[in-house]
Amino acid sequence: MKNLVNLLAGFVLVSLLVACGDQDTEDTSAAVTTETAETADEFVARANAELEELGRETAAAEWVRATYITLDTAVIASAASEKYAEWHSGMVKRALAYEGQELSPSTRRAIELLKLSTSAPSPGDAAKRKELARITTDIEGMYGAGKYCRNENACISGSELEQLMADTRDYDELLEYWVGWRQIAVPMRDKYARFVDLANEGARELGYSDLGQMWRSKYDMSPADFEQESARLWDQVKPLYDELHCHVRAKLGEVYGEDKVPQSGPIPAHLLGNMWAQEWAPIYDLIEPHPGVGDIDVDATLKTKNYSPQEMVRSAESFYVSLGLPRLPQTFWERSQFSKPRDREVVCHASAWSLDGKDDLRIKMCIQQTYDELRTIYHELGHNYYQHAYKDQPPLFQRGAHDGFHEAIGDTVTLSMTPGYLAEVGLVNASAEDPRATLNRQMQMALDSIAFLPFGKLIDEWRWGVFSGQITPENYNQAWWDLRTKYQGIAPPVERSDADFDPGAKYHIPANVPYSRYFLARILQFQFQRALCEIAGHDGDLASCSIYGSKEAGEKFYAMMASGQSEPWQDSLEKLTGTREMDATAIIDYFDPLMGYLKEQNNGRSCGW
Ligand code: X8Z
Ligand code: ZN
């Protein structure tokens, strides 16, 4: 539900509707006059009631669309999105009547969140609203149905290509998949440019200078402060990334040859085990510090024991249950999409949904039998448990404290998937404590957590530039690669042109899901973990802590989730961690042993690009 602010990323925010009966925007002024008879509190109560109903309807349309991509479901989903947009525009206009009035903090917050409750605000003009709804539906569908076809009879879907990028070690074959997948995005470019114009117009009507400024306004601080805050966090973690980059580049140089991986420049973007070079754990086998020491090969167990998708999801659920959280409802098991259907196009990119803001929780994935996928399941259930925890909040507060919190719940839980935990649940063989095994595990985790950080940072930096007009359609691709090289130290393996639209080959761009949330989550998850491990009474270093089975930790974690977005995120963070600031010291401490190793390995190498 690209148009509902949180929808996609995992939670269908849901909300809404209706009815104030009229779907006619032309009568806004009359409506304002009538509605001002409502007090602000009554207005917020009505917004919540309408949001609940409209959200249910929108979520149903979005679910059907995402699990069955056809021309008809595009009509249904864009009609639902248009209806929500119309309601949203009307309500935000009515809310203007309360500006300048003395309101309770909760009412003021609810009105502010109402304004922010879309990631693509529509212009008031009905024709433009319709056009925007259709474009957003279409481009997400283009992504979901995207394939690379070697010839008419040999097409490979996006999720299959992702797996091939993880498993293949042949330079040219990887290049073929990498280039092939990016073909799907070429036809999105003009549509995306139009989307930017329309959504910017909508954002301006709401009083923001552009959509980027609106997105940066969601964090209980000024948009300028948010920009600084994310720059500050990046500066904190950059030294970790630089060491990892240097070492991985050296190893890839050994594997592919220094002619292919020059040791003083950026790494070719297709060699890192991931279609977008965003997480590198699939190439762990090339980087493993102590080959074969300690069993962390969960992939092998999943395959040998032939885990079904349901069993993988049960394993994740059991973790949350061990914290004292409830089992997922029966309907979750009946209504979720765990596997890629054979007979129709779907959006495979993983997401977690609350269809009714209550108990109708679901995930939508195309689960494969890998450790990567298992971790994604734990991630998605983090969203579902958050949704479950805040279901008694009014709909306008049924979201994460900020969107990075929503992403961080499941990510935090994956930090507890220690070798001890994995052995306890039969996913690896128990192994004796060995510092070499600890280092191996740290490397495997860093290839995900640390490698991801610059990617997490740059996606929205690109969009901020696009929305502000600093980056124009002719420069979309060049600006994308400038940022990819600046932050990640990677480069396209073949020449790209302005006709290409490589950002469109990454799900969150066509689906219009803001991305800073993932960057923040990768930092917050370690802060959460540090606090939870203390509550769980762990002693020893943070990396060896698993909160599996700790009801005390579960209770505190769940209590934070239950607040939803009813209070500034700083308050929620303080209740759990004792601090009001996001801070990267926990992730830095966590990887301290690995950093020692990397510095040693990089000694004498010339790092940087
Ligand atoms: O999109 C996701 C989740 C759904 S919220 C699977 N993630 C980002 C991505 O895949 O790009 C999780 C990690 C980052
Ligand atoms: Zn997520």
Side-chain angles (χ1 to χ4, degrees), residues 232-233 236-237 240 316 318-326 375 378-379 381-383 385-386 389-390 400-402 404-425 433 435 437-439 441-442 444-446 448-450 453 519-564 567-596:
R232 177 182 71 78
L233 294 168
Q236 271 189 292
V237 295
L240 302 187
S318 301
F319 191 104
Y320 290 91
V321 170
S322 87
L323 300 179
L325 276 48
R375 286 194 307 255
Y378 279 64
H379 171 95
L381 292 200
H383 288 306
Y385 277 104
Y386 212 153
Y390 59 49
H402 68 48
F405 279 60
H406 226 295
E407 299 303 332
I409 304 299
D411 288 355
T412 303
V413 166
T414 62
L415 295 180
S416 287
M417 297 170 86
T418 53
Y421 162 75
L422 293 171
E424 192 172 340
V425 299
E433 292 256 320
T438 307
L439 194 65
R441 176 175 136 80
Q442 286 238 316
Q444 193 191 43
M445 295 185 64
D448 268 353
S449 300
I450 295 178
L453 293 164
F519 172 68
L520 302 178
R522 290 290 152 117
I523 289 172
L524 277 174
Q525 68 178 119
F526 292 89
Q527 269 184 278
F528 290 171
Q529 180 72 350
R530 185 159 61 184
L532 292 170
C533 288
E534 206 169 297
I535 296 163
H538 173 78
D539 84 271
D541 57 10
L542 188 53
S544 66
C545 168
S546 177
I547 61 163
Y548 183 59
S550 171
K551 306 273 184 291
E552 296 77 13
E555 195 179 315
K556 267 254 169 123
F557 209 20
Y558 196 72
M560 179 185 80
M561 293 188 247
S563 304
E567 60 189 13
W569 63 261
Q570 292 88 342
D571 293 355
S572 301
L573 185 65
E574 188 172 19
K575 282 181 202 156
L576 183 67
T577 67
T579 163
R580 302 181 63 77
E581 286 221 326
M582 293 185 279
D583 164 47
T585 56
I587 184 172
I588 293 168
D589 290 351
Y590 190 97
F591 286 109
D592 190 54
L594 180 73
M595 284 309 124

Quick one: are [X] and [Y] in side-chain contact, heavy atoms under 4.5 Å?
| X | Y | answer |
| --- | --- | --- |
| L323 | K551 | no |
| I587 | L453 | yes |
| V413 | Y548 | no |
| K575 | K556 | no |
| S544 | H538 | yes |
| L520 | E407 | no |
| L524 | D411 | no |
| H383 | I409 | no |

Work out which heavy atom in [X] is nearest to a heavy atom in [Y]; give both atom names and the distance.
| X | Y | value |
| --- | --- | --- |
| Y421 | S546 | CB-OG, 3.9 Å |
| A584 | Q236 | N-OE1, 3.1 Å |
| A543 | R441 | O-NH2, 3.6 Å |
| A586 | L542 | O-CD2, 4.2 Å |
| L573 | M582 | CD2-N, 4.0 Å |

In Å and rounded to the nearest 0.5 Å, what is the [atom1] to [atom2] distance from [X] to [Y]?
| X | Y | atom1 | atom2 | result |
| --- | --- | --- | --- | --- |
| L532 | Q525 | CG | CD | 11.5 Å |
| F405 | M561 | CZ | CE | 11.5 Å |
| S318 | L325 | OG | CG | 12.5 Å |

Return yes if some donor-acceptor pair links the side-chain N/O of [X] with the main-chain N/O of [Y] below 3.5 Å, else return no.
| X | Y | value |
| --- | --- | --- |
| S322 | G549 | yes |
| Q527 | E581 | yes |
| Q442 | Y590 | yes |
| E552 | A536 | no |
| S416 | I547 | yes |

Determine whether the side chains of H402 and H406 contain a donor N or O and an acceptor N or O closer than 3.5 Å.
no

Pair T579, E574: side-chain N/O donor-acceptor within cut-off below 3.5 Å
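Per modelled atom types, T579 and E574 side chains form no pair under 3.5 Å.
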
Listed once per pair and sorted, the salt bridge (Lys or Arg N to Asp or Glu O under 4.0 Å) pairs that draw on residues 526-550, sequence neighbours left out
R530-D583, R530-D589

Parallel, tilted or perpendicular: rings of Y385 and Y320 (30°, 60°)
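Correct class here is parallel.
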
In terms of relative ring orientation, are Y386 and Y390 parallel, tilted or perpendicular, with 30° and 60° separating the classes?
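Aromatic pair Y386/Y390 classed tilted.
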
If the test is side chain to side chain contact (heavy atoms under 4.5 Å, CB included), which one of T585, I588, L415 qualifies with F526?
L415

If you measure from the Lys or Arg side-chain nitrogens to the Asp or Glu carboxylate oxygens, is any gap between D448 and R522 under 4.0 Å?
no

Let's go through V237 and F591 carefully: what are the C-alpha distance in whole Å and the side-chain angles of both, what is the deciding distance for side chain to side chain contact (heavy atoms under 4.5 Å, CB included) to 0.1 Å, and is it a yes or a no?
CA-CA 11 Å; V237 295; F591 286 109; over 6 Å; no

